[in-house]
Number of protein chains: 2
Amino acid sequence: MSERLFALADPVRLAVVGALAGGERCVCVLQEQVAVAPNLLSYHLRVLREAGLVCTTRRGRWVDYRLDPDGFATLWRALSGAGVPMPGEAVRSDRACASCDEGSAGR
Amino acid sequence: MSERLFALADPVRLAVVGALAGGERCVCVLQEQVAVAPNLLSYHLRVLREAGLVCTTRRGRWVDYRLDPDGFATLWRALSGAGVPMPGEAVRSDRACASCDEGSAGR
DNA sequence: TCGTGACTTCAACGAAAGTTGAACCAAGCA
DNA sequence: TGCTTGGTTCAACTTTCGTTGAAGTCACGA
């Protein structure tokens, strides 16, 4: 889960995901939308690929990238399971502190 | 947005968020739930604080931490706005590649 | 006011990540 | 077979992050 989040936590890779949100794209098009060196783009694509957030198809000379819906679904499910407040979820605000409550200005 | 994602993309900090999902907690309790050195915990809490994901209240000697609902709401909104497929959102799979479509095995 | 407890900050170190340039594959075409 | 194009991998470097130990701050109580 941390690996997937880490893959998203980068401006370049986030831009790639944003570009792929419009549909499948080959690397040459991604390169226009995300202005980075080809090899650097390839590096970031590999990070996203290894995190399971994108997948690829070779089409002759070209390689198409697209978002992996399962990767994102798994990420959100894991985050929610870990207690991270997802969209629409409330946040608990009550305090539980057994050791330091006694003898101090408790609520 | 990347800063907030980066703050979440760490096992220790994710564990802290998970612990805080149960409600407000002072550092001494967090230290029991997330077994790391006090100063290291303080470092990770600062990262979360500067990312706007948690906020604090001093209560005498103790400092209480709690999740910041606004921080998470902002994060999810920004992610959705950037095109990241959020829970329940579909993923487009059509391809748009003007330059490399001609003269190749197009779909 | 002195000591103690809870927590934070500082300086330093090792380990990763991001970036760059060059070399390298893989597919198509002459 | 050799050239070109699209894309990836490799090696080296710089920067940043995570961790550690020591010092510092803040609040309370004797």
Would you give the length of the straight line joining atom CG of A:L20 to atom CG of A:D68, rounded to the nearest 0.5 angstrom? 11.5 Å
Gap between atom CZ of A:R49 and atom CG of A:L45 - 0.5 Å precision: 7.0 Å
Does a side-chain N or O of A:H44 approach OP1 or OP2 of C:dA17 to a distance below 4.0 Å, or not? no
Ignoring backbone atoms, establish whether B:R61 has a side-chain N or O less than 4.0 Å from OP1 or OP2 of D:dT25. no
Got a donor-acceptor pair under 3.5 Å from the side chain of A:N39 to the base of C:dG21? yes
Check the distance between [N]'s [atom2] and [X]'s [atom1] and give it to me in whole angstrom.
X     : N      : atom1 : atom2 : value
B:R58 : D:dA27 : CZ    : C1'   : 7 Å
B:L41 : C:dT9  : CG    : P     : 12 Å
A:Y65 : D:dG6  : OH    : C1'   : 12 Å

Between A:G60 and A:A9, which has a closest nucleotide on DNA chain C that is more 5'? A:A9
Of A:V47 and B:V63, whose closest DNA chain C nucleotide lies nearer the 5' terminus? B:V63
Options [options], nucleotide nearest the side-chain atoms of [X]:
X     : options               : value
B:L40 : C:dC29, C:dG5, D:dT19 : D:dT19
B:R46 : C:dG18, D:dT8, C:dT9  : C:dT9
B:V27 : D:dT8, C:dG18, C:dT8  : C:dT8
A:R49 : D:dG7, C:dC7, D:dT8   : D:dT8

Categorize B:Y43 for me: base, sugar-phosphate, or nothing, with a 4.0 angstrom heavy-atom threshold over every strand shown. base
As a test of understanding, state which of A:V12, A:L14, A:D10, A:L8 forms a side-chain contact (heavy atoms from CB on, under 4.5 Å) with B:S2. A:L14
Distance under 6.0 Å and angle within 45° of ring axis: B:R13 vs B:F6: yes
